[in-house]
Amino acid sequence: QVQLAESGGGLVEAGDSLELSCEASGRPSSVGAMAWFRQNSGKEREFVASISWSGGNTWLGDSAKGRFAISKDSDKNTMYLQMNHLKTIDTDVYYCTAGAGGITATPSAFDYWGQGTQVTVST
């Protein structure tokens with residue numbers, strides 16, 4: 001069993017930056033890849049970014065390219081999402097996920113999901 005705890009969300013203005021964190025506990029050694037998804041009421045789940053835990057390879061969704069960066073600190077069992085040049089369309093609940101497989105953008109490949117952290121971007 002793996003538990004995921006997101007933090008770092010908040011209310012910011014357009015153009016600002018935020019860094020989200022996700023700490024894994026329980027059995028983090030079973031994790032092959034982690035990812036960020038975002039979803040809110042009335043919206044479809046959207047892939048943001050993914051990272052392989054052993055090799056550090058990354059995969060950015062279209063919404064993240066050029067603005068966001070995903071990284072990890074293996075010693076701290078923590079994944080990060082640095083978000084720059086935030087836009088109002090970035091407003092969502094951001095979820096940390098983890099799975100035993102390799103890097104992917106498919107939600108069903110991730111067995112563990114955090115509670116989510118709210119990001120709100122105002123004009």
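Quick note: residue numbers are just sequence positions, from 1.
Note: R27 CZ to N77 CG = 13.0 Å, rounded to the nearest 0.5 Å. One finds the CD1 atom of I89 at 9.0 Å from the OG1 atom of T91 (value rounded to the nearest 0.5 Å). Taken to the nearest 0.5 Å, the SG atom of C96 stands 12.0 Å off from the CD atom of Q3. Between the OH atom in Y95 and the CD atom in E6 there is a gap of 8.5 Å [rounded to 0.5 Å]. Taking CD1 from I103 and CD1 from I51, the interatomic distance works out to 7.5 Å, rounded to the nearest 0.5 Å.
Looking only at side-chain heavy atoms (C-beta outward), T97 and P107 stay at 4.5 Å or farther from each other. In this structure, the side chains of V119 and L20 come closer than 4.5 Å at one or more pairs of heavy atoms. L60 has its side chain out of reach of W36: every pair of non-hydrogen atoms, C-beta onward, lies at least 4.5 Å apart. Counting heavy atoms from C-beta outward, R38 and D90 have side chains that approach closer than 4.5 Å.
Of all heavy-atom pairs spanning A98 and M34, the tightest one is CB-CG, 4.0 Å. When all heavy atoms of V48 and F68 are compared, the closest pair comes out as CG1-CD1, 3.9 Å. Taking every heavy atom of both residues into account, N84 and S17 meet most closely at OD1-OG, 2.9 Å. Heavy-atom minimum distance, A35 versus M79: O-CE, 3.7 Å. In terms of heavy atoms, S25 sits closest to P28 at C-CD, 4.0 Å. The shortest non-hydrogen separation linking V31 to W53 is O-CB, 3.8 Å.
Between the side chain of T106 and the main chain of T104, no donor-acceptor pair closer than 3.5 Å is present. S50 places no side-chain N or O within 3.5 Å of a backbone atom of W59 that could act as its donor or acceptor partner. With hydrogens and angles disregarded, no donor-acceptor distance shorter than 3.5 Å links the side chain of T58 to the backbone of I70.
Both V93 and F110 belong to a common hydrophobic cluster when Ile, Leu, Val, Met, Phe, Trp and Tyr are linked at side-chain heavy-atom distances under 4.5 angstrom. Both L81 and V12 are members of a single hydrophobic cluster when ILVMFWY side chains are connected at heavy-atom separations under 4.5 Å.
Each of M83, K87, Q82 was evaluated against R67; a single residue qualifies, K87, per the side chain to side chain contact (heavy atoms under 4.5 Å, CB included) test.
At most 12 heavy atoms of other shown residues, nucleotides or ligands fall within 6.0 angstrom of atom CD in Q115.
In this model, no donor atom of one side chain and acceptor atom of the other lie less than 3.5 Å apart for E23 and S21.
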Just do the side-chain contact (heavy atoms from CB on, under 4.5 Å) check on Y94 and L18 with the steps written out, would you?
CA-CA 12 Å; Y94 285 71; L18 278 176; over 6 Å; no
